[in-house]
Amino acid sequence: MSQPAAIHLADYQAPAWRVLDTRLTFDLAPSATRVTTVLTLEANPDAAVGSDATPPLVLNGEHLTLESVRVDGRALASDEYKLDETHLTLAGLPANCELETVVVIDPAANTALEGLYVSSGMFCTQCEAEGFRRITYYPDRPDVMSVFTTTIIADKDSYPILLSNGNPIERGEREGGRHFVTWQDPHPKPCYLFALVAGDLVKHDDSFTTMSGRDVALEIWVEPENLDKTQHAMNSLKASMKWDEEVYGREYDLDIFMIVAVNDFNMGAMENKGLNIFNSACVLANPDTTTDAAFQRVEGVVAHEYFHNWSGNRVTCRDWFQLSLKEGFTVYRDQTFSADMNSAPVKRIEDVAMLRTAQFAEDAGPTAHPVRPASYIEISNFYTLTIYEKGSEVVRMVANLLGEEAFRRGSDLYFARNDGSAATIEDFISAMSEASGRDFSQFMRWYSQAGTPNIAASGTFDAQAGTYSLTLRQSTPPSPGQAEKLPLVIPVRMGLVGADGSDLTLTLDGEALGTEIVLELTEAEQTFVFTGLAGDAEPVPSLLRGFSAPVKLAFDYSREQLAFLMQHDSDGFNRWDAGQRLAMAALEDLMAAWQRGEQEAQLDERLLAAYRFLLQSEASDRAVLAEMLTLPSEAYIAEQQSVVDVDAIHWARKTAKAQLASALRDDFVALYHANAQQGDYAPTFEQMARRSLKNAALSYLMSIEDEEGMRLSQAQLAAAHNMTDVRAALTMLVHSSRTDLGDPALKSFAERWSHDPLVMDQWFSIQVTRPQADVLDRVRFLMEHPAFSLTNPNKVRALIGAFAGQNRVNFHRLDGEGYRLLADVVIELNRLNPEIAARIITPLTRYKRFDAKRQDLMKAELERIRGEKLSNNLYEVVEKALA
Ligand code: 0A1
Ligand code: ZN
């Protein structure tokens, strides 16, 4: 077996040929679709060539059956071109010519969901990153940009709706009950932004008037039964269009903007020009079927894809190494949008919690890579938390270093200068640099160094001299292929909190700078001496406010100091973070006790006191309070350990929660009632905050199976007011020891919702995250359920992903059965959908974090997988994991 080769950023070369025009004709049939492609080609004068002859034209193409090739109208014999599994190569072409190819493809057999495939009876496409090569022979790389004209021919009864990018320019009838529509997209684009949809769909219509007064038709296309689930996405779309005009000055540029919901989709959604295609889970929402969290996800994903119209489509990426140029920037844009639409502090807390658990884990694992990787085997393995979320943090640092105005000038310059072209991360940073006069050379290391930097901070207070010296030391651990790391530019936003809880004036080098500043750490170690501090009491440093850099910061706080910051820090994010640090300290006590075999350990009184304070203080921001009442997740606790002790973590968290619940029972009951509003559901953040607070209170009560809590859960489930409350109550009952209550509730839920795949996904997840030991049998049983399917990525995530990722005690069972189950699924998916296989395997690849026994079991499963004939996707991940 030949091993797949790695592709290197350093080898980039400009394309040898340009495509001036692309004309596609699709004659659609599920098992045999004929694609006729006419390309107007020009040898690229900018590309390096050694002689006068034109360079060979090398087109990508996979899983295609070639029927014919013509150059300038002349049919070529099969010895006039070279054809193999992945390429069609033509030599000796005139520098300007027209190439026609005809291929046949089989969309119905396409379970990889890349290229053209069939989902619930409709045709749809996914071309990023390299799916277009499964549609036709083409230079499938983002720096080849062309205008596209697309004609779709299909049976009129089965596929009344035919969509592609741009504007419809012609439609008509064909014989045999077929019809056609021709679409033209005037904006040159790379082929990864191509899209086609054909199906029996209905639309939700609306319109938007842009800032220059143009009317844009907005259409959300869904299967008929989902038409009552499109309003939220439509509202989110209009809000995004407005926000991008106001905040970035970006206006939409076509007469029509379409979204289509599909049930089978590998990712969240795709920003195809003028025709976004969405995983139905990221666009459909209604109160009966959708939780608050999912409503917010819809808002965020709709915004993300819409924002790509500028950051991604108008300005695209030169090559896939630059992926974070569009993704990091666009995530930063959607995060700030969501912060503006909802509670900004809660949005920041959620984003950081995710980064610190999942992205930090990736950055410390075998597939760690820089925000701009230097090489890859399979690009679809690089749609990662590092590219997206860390990439966004890097853009956020740029924005914060520059300030709002200069950042906007930089962004305007970037868009103006690179509009209509394929850019690099240097193009982005140089625009920011020119707009601000700031030098970013050292900052660029954020793009090339993998791993999460550590900052060790320490402080000394000299009451007599009135000084506080803060020393910051940075280091970044080695990562695969990168042993040595250089110091980064790390912005540390901070304040010093005085004994009365207020921020002190910060004076550095004789200059009074206000009460909050950003220290720029650029060397391995730096000391900052704050002077002019009055009084005897040592101030408490509040560091990395708002999480000003994606780093791990250690400071030897006493628990009293943490409790103090939790109450007084003027930065909301750091108040939450101080609470998390205090909870971590208390959890560590419990874990140590458990490891010593002491199961009677008591929770640190100081955490209890902090919770009492939270519950009794007037809640100004309910949404933040709900976050503050949430203990660090098991995944986050695991990230803090050198060797992960799954059972100790589970026991400690459960014990801490139960002790808090017992001690503060009446407060939790009161909190529940104070937030149990009635009235119509609305996905507003005020209402969401009340629901999350109410359900947090309920989950404490249910952790001790309190009678009142049981009663409230059952009543909440029966009231069925909205899915947020239903799901919370059902989860708590199913996760309790009362199977006599949980099982019938699950049964009637399934009876009510068996027709709705997105609700059934939730039904799967609730059951497989049950902490009880018999859950593994349940997982195997549910894999046979008629609503489950291995070819639907949402089902795989809801059942297998939720089990392996969220049910840590049971996935890591010491008999290895959890690992075996995941490996079995990975082996099947390797055949059906390699992209999903390479994602779902992630928990197994992190074996080095666990004890020797578990390591051996996990490694054995990885070896078993390695014994299969692997897709490139899985090959890359498994080889890196076992290296
Ligand atoms: N650009 C899309 C993400 C995406 C990437 C790959 C896909 O299929 C392999 C699908 C979507 C986004 O950032 O939303
Ligand atoms: Zn994106």
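Remember, it's 1-based here, ligands and their atoms both numbered in the order they're listed. For reference, positions follow the sequence shown, starting with 1.
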| Amino acids in close contact with ligand 1, where any non-hydrogen atom sits under 4.0 angstrom away | Q126, E128, M267, A269, M270, E271, H304, E305, H308, K326, E327, Y383, Y388, E835
| message | I'd like to check the ring-ring contact (aromatic ring centres under 6.0 Å, His included) partners of F428; sequence neighbours left out, ordered by chain and number. | response | F329, Y414
List the atom pairs, with distances to 0.1 Å, where a side-chain N or O of residues 293-301 and a protein N or O form a donor-acceptor pair under 3.5 Å, not counting sequence neighbours.
unit_1 : atom_1 : unit_2 : atom_2 : d
Q296   : NE2    : N342   : OD1    : 3.1
R297   : NH2    : A281   : O      : 3.0
E299   : OE1    : N342   : ND2    : 2.8

| field | Counterpart residues, side-chain contact (heavy atoms from CB on, under 4.5 Å), relative to S392 (two or more places apart) | value | V331, Y332, Q335
Taking the N/O/S atoms of [X] one by one, which is nearest to the Zn ion (ligand 2)?
| X | result |
| --- | --- |
| H308 | NE2 |
| E327 | OE1 |
| H304 | NE2 |

| query | Taking the six-membered ring for Trp, are W310 and F415 ring centroids under 6.0 Å apart? | reply |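 Centroid distance W310-F415: below 6.0 Å, so yes.
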| Checking K189 against F148: charged group under 6.0 Å from the ring centre and within 45 degrees of the axis? | yes
| Does some side-chain heavy atom of F321 sit less than 4.5 Å from a side-chain heavy atom of Y376? |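 Yes; the side chains approach each other to less than 4.5 Å.
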| Just by distance, with hydrogens left out, do Y383 and E835 show a side-chain donor and acceptor under 3.5 Å apart? | no
